[in-house]
Amino acid sequence: MAEDEIKEKPPVVGNGSNNNNLDGGSEDETVVAVQNGVVVNASGYQDQLKRQYGLVGLAGIAVTVDNAWVALGSSISVSILNGGPPGLIFGLIVAVFYYSFIGLSLAEFASSVPTAAGVYHWATIAGGPRWGRVLGFFTGWINFYGWMFDLAALVQITANISVNMYVVYHQGTYVAESWHVYVAYIGILWLSTAAVIFANRAIPHTQNLGMFFVIAGGIITIIVIAAMPKQHASNAFVWGSFDENNLTGWPGGVAFLLGVLNGAFTIGTPDAITHMAEELPHPRKDLPKAIALQIGLGFLYAFCFAIALCYAITDITVLTAGFNTYPLAAIYSQATADADGNPNYGATFGLLFIIWCSSMLCCVGTMLTNSRIYWALARDNAVPLSSLFAKVNETLSCPVPATLFVAVVATGLGAIPLGSSTAFLNLTGSFIILSTVSYAIPFAANVLTGRRYFPKGPFHLGRSGTVINVLAVLFITLFDIFFCFPYVFPTTAVTMNYNSVILVGIVALTALWWVVHARANYPGPKVMTLYIHDDTVSGVETSVTAGSADSKAEKQS
């Protein structure tokens with residue numbers, strides 16, 4: 001049936017409870033409504049970005065942004081004091097277990113309402129007519145701050161890798177300076193920004209290449225560090241040295257739960273690809289698949305890499321070298337050295353180069369994610385100068401002002417280590433807390449409103465949905481509390497964990513912006529007119545062309 005015929009006789013969506021009749025079986029997943037003759041997508045807007053990502057391209061972004069085994073190795077210093085290798089390996093298992101509930105809940109949302117705003121719009125919908133506007137506003141900002149800090153952390157890691165690749169062949173002459181890393185940071189950040197703005201059509205290919213480096217590079221790296229060492233760590237060290245390597249001062253159970261942070265950072269980006277929803281031809285079907293692939297494949301590689309890495313460690317003290325270093329480079333040097341202990345510079349450089357390639361492409365994917373988040377907020381007048389940052393260059397298929405804004409903010413964040421490494425570590429470390437809080441808000445709201453405001457997508461949790469949502473919220477609450485504990489006990493100003501202060505600060509800033517601007521000038525996202533309706537109203541003017549059984553009947557007529 002022609003598009004103009006669909007516009008003539010569209011079925012009408014009633015109140016929120018009736019929306020659950022939508023079964024996601026539409027022929028065109030990208031068309032949700034027709035408003036005044038204009039076809040709009042799930043976010044309530046006309047498409048402005050090219051829908052150029054298939055399932056493979058989406059999987060490429062998912063795996064590349066997650067970059068799980070690289071993230072585990074690059075952040076290993078975060079938790080190596082929390083029980084050594086056993087704490088690292090078993091902490092990863094626990095993290096994947098509780099993130100599975102998060103992934104299932106996000107996948108259901110993405111299959112139901114695929115928008116570039118992700119959790120921001122889902123919190124709005126879940127909160128219903130009364131609370132949706134304010135819940136969505138706070139969720140969107142908390143999610144954005146979390147992703148900004150994650151971007152800064154990833155670029156910093158890649159900058160450290162870059163410097164260490166130089167150090168491999170200049171160990172006798174190189175003198176480390178913080179500004180060296182910052183120069184590399186600036187170059188990597190703005191190269192990623194240029195790629196997102198000017199090479200958008202090539203981005204799917206770069207993320208496929210990133211997936212290659214993550215998958216093939218991971219296999220090569222695991223084989224090399226497993227086969228090359230002339231001396232391996234003992235089984236007792238890898239699997240049973242928790243107590244002797246618990247150097248935090250906390251009791252064993254507390255130390256272990258604190259160390260789960262490393263595992264969470266390893267696979268903690270399940271919402272990344274949801275922000276690409278408006279660049280997919282089949283978002284309702286493909287997003288859940290990609291989320292599952294991201295968590296499952298990420299865990300498999302990270303788990304195998306963690307075991308191989310721990311067996312390659314001969315001197316665990318290199319993992320506590322401090323900030324603006326890259327301890328993984330030292331482990332690679334240990335693993336590839338000959339029997340006399342002489343370093344194999346080529347092998348060490350090659351292993352670092354694999355990580356550098358995947359990390360560079362991860363930075364591009366993360367910049368892409370961040371720009372879409374801020375752009376989605378700007379479209380709904382939720383940010384300062386919204387009219388500017390909501391603009392899209394349709395020729396480049398990129399929200400250029402929003403992308404440049406993200407790059408400028410990240411440039412400032414990268415300069416923080418020049419003054420205080422502790423402040424930067426806490427900011428970037430808060431990514432897990434901020435992102436999971438932004439997940440917990442729509443999960444909790446969805447349960448409290450009886451899960452009645454979301455239409456059923458191709459992936460639906462059914463009767464188990466409430467239990468899964470509740471478990472996700474409980475796990476997020478439990479671990480976020482532990483992730484706010486001081487890293488060591490007793491603590492000092494240097495070793496103190498300021499994540500709780502950062503979370504409160506972000507909420508306070510958002511509340512201030514709500515009072516100053518949003519309360520009077522923020523109407524809420526257009527998605528509200530599509531999915532959230534006053535239960536006292538029998539119908540709305542918005543007409544939906546996709547998803548309902550009536551819609552399919554119209555198309556077949």
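Owing to the predicted nature of the structure, the values given are computational and were not obtained by experimental measurement. Just the heavy atoms: all of them, side chains too, but no hydrogens, waters or symmetry mates, feed the values below.
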For this session: Evaluate side chain to side chain contact (heavy atoms under 4.5 Å, CB included) for Y487 paired with N82, printing each intermediate quantity in order.
Result: CA-CA 9 Å; Y487 299 114; N82 298 75; over 6 Å; no
Problem set entry | Worked check of side chain to side chain contact (heavy atoms under 4.5 Å, CB included) between C304 and L300 | CA-CA 6 Å; C304 294; L300 176 64; 4.2 Å; yes
For this session: Please test M276 against I61 for side chain to side chain contact (heavy atoms under 4.5 Å, CB included), starting from the C-alpha separation and ending with a verdict.
Result: CA-CA 9 Å; M276 304 301 298; I61 295 177; 4.1 Å; yes
For this session: For the pair V134 and F138, evaluate side chain to side chain contact (heavy atoms under 4.5 Å, CB included) and give the outcome as yes or no after the intermediate values.
Result: CA-CA 6 Å; V134 63; F138 276 80; 3.8 Å; yes
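For the pair W250/P486, a side-chain contact is recorded, criterion being any heavy-atom separation below 4.5 Å from C-beta on. In this structure, the side chains of V364 and M367 stay at 4.5 Å or more apart for every pair of heavy atoms. Between D286 and I273, the closest side-chain pair of non-hydrogen atoms is not below 4.5 Å. Between L368 and R372, some side-chain heavy-atom pair lies under the 4.5 Å cut-off. In this structure the side chain of F265 never reaches within 4.5 angstrom of the side chain of N262, judged on heavy atoms. The closest side-chain heavy-atom distance from F256 to V94 is below 4.5 Å. Residues W131 and T449 form no side-chain contact, since every pair of their non-hydrogen atoms from C-beta on lies 4.5 Å or further apart. Under the 4.5 Å side-chain criterion, counting only non-hydrogen atoms from C-beta, P114 is not in contact with L280.
A side-chain donor from one of N469 and S105 sits under 3.5 Å from a side-chain acceptor of the other.
Judged by distance alone, the side chain of S438 and the main-chain N or O of S435 form a donor-acceptor pair under 3.5 Å. Side chain of N521 to backbone of N381: no donor-acceptor contact under 3.5 angstrom is found. Between the side chain of S111 and the main chain of E108, no donor-acceptor pair closer than 3.5 Å is present. For the pair W141 (side chain) and A382 (backbone), a donor-acceptor distance under 3.5 Å is present. Listed for the T491 side chain is a donor-acceptor partner under 3.5 Å among the backbone atoms of M496.
For F109, the ring-ring contact (aromatic ring centres under 6.0 Å, His included) criterion is met by W122, F443, F454, not counting sequence neighbours.
Ring pair Y522/W514 is perpendicular by interplanar angle, where above 60° counts as perpendicular and below 30° as parallel.
Of the inter-residue distances, the one linking N446 atom CG with I468 atom CD1 reads 12.0 Å to the nearest 0.5 angstrom. In this structure, CG in N208 is found 10.5 Å from CG in L361, a value given to the nearest 0.5 Å. For the atom pair S100 OG and L471 CG, the distance stands at 11.5 Å (nearest 0.5 Å). We find the CG-CG distance between L257 and L478 to be 6.5 Å, quoted to the nearest 0.5 Å. Taken to the nearest 0.5 Å, the CD atom of E279 stands 10.5 Å off from the CG atom of L58. Of the inter-residue distances, the one linking N499 atom CG with I481 atom CD1 reads 13.5 Å to the nearest 0.5 angstrom.
In terms of heavy-atom proximity, S371 sits nearest to V196 at OG-CG1, 4.4 Å. Considering every non-hydrogen atom in both E278 and W375, the closest pair reads OE1-CH2, 3.9 Å. Heavy atoms only, all atoms of each residue included: V473 and A440 are closest at CG2-O, 3.9 Å. Nearest heavy-atom pair, G103 versus I295, reported as atom, atom and distance to 0.1 Å: CA-CD1, 3.8 Å. Smallest separation of non-hydrogen atoms from T139 and V119: CG2-O, 3.5 Å. Nearest approach of C310 to L88, heavy atoms of both residues: SG-CD2, 3.8 Å.
Ring centers of F305 and Y301: at least 6.0 Å apart, outside the cut-off. Between F485 and F482, the ring centre distance stays below 6.0 Å.
Of the options F144, Y145, W147, a ring pair (Phe, Tyr, Trp, His ring centres under 6.0 Å) to Y374 is made by F144 and by none of the others.
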For residues 62-70, which side-chain N or O atoms pair as donor and acceptor with protein atoms under 3.5 Å away, sequence neighbours left out?
{"residue": "T64", "atom": "OG1", "partner": "G60", "partner atom": "O", "Å": "2.6"}
{"residue": "T64", "atom": "OG1", "partner": "Q207", "partner atom": "O", "Å": "3.0"}
{"residue": "T64", "atom": "OG1", "partner": "M211", "partner atom": "N", "Å": "3.1"}
{"residue": "D66", "atom": "OD1", "partner": "T269", "partner atom": "OG1", "Å": "3.4"}
{"residue": "W69", "atom": "NE1", "partner": "V214", "partner atom": "O", "Å": "2.8"}

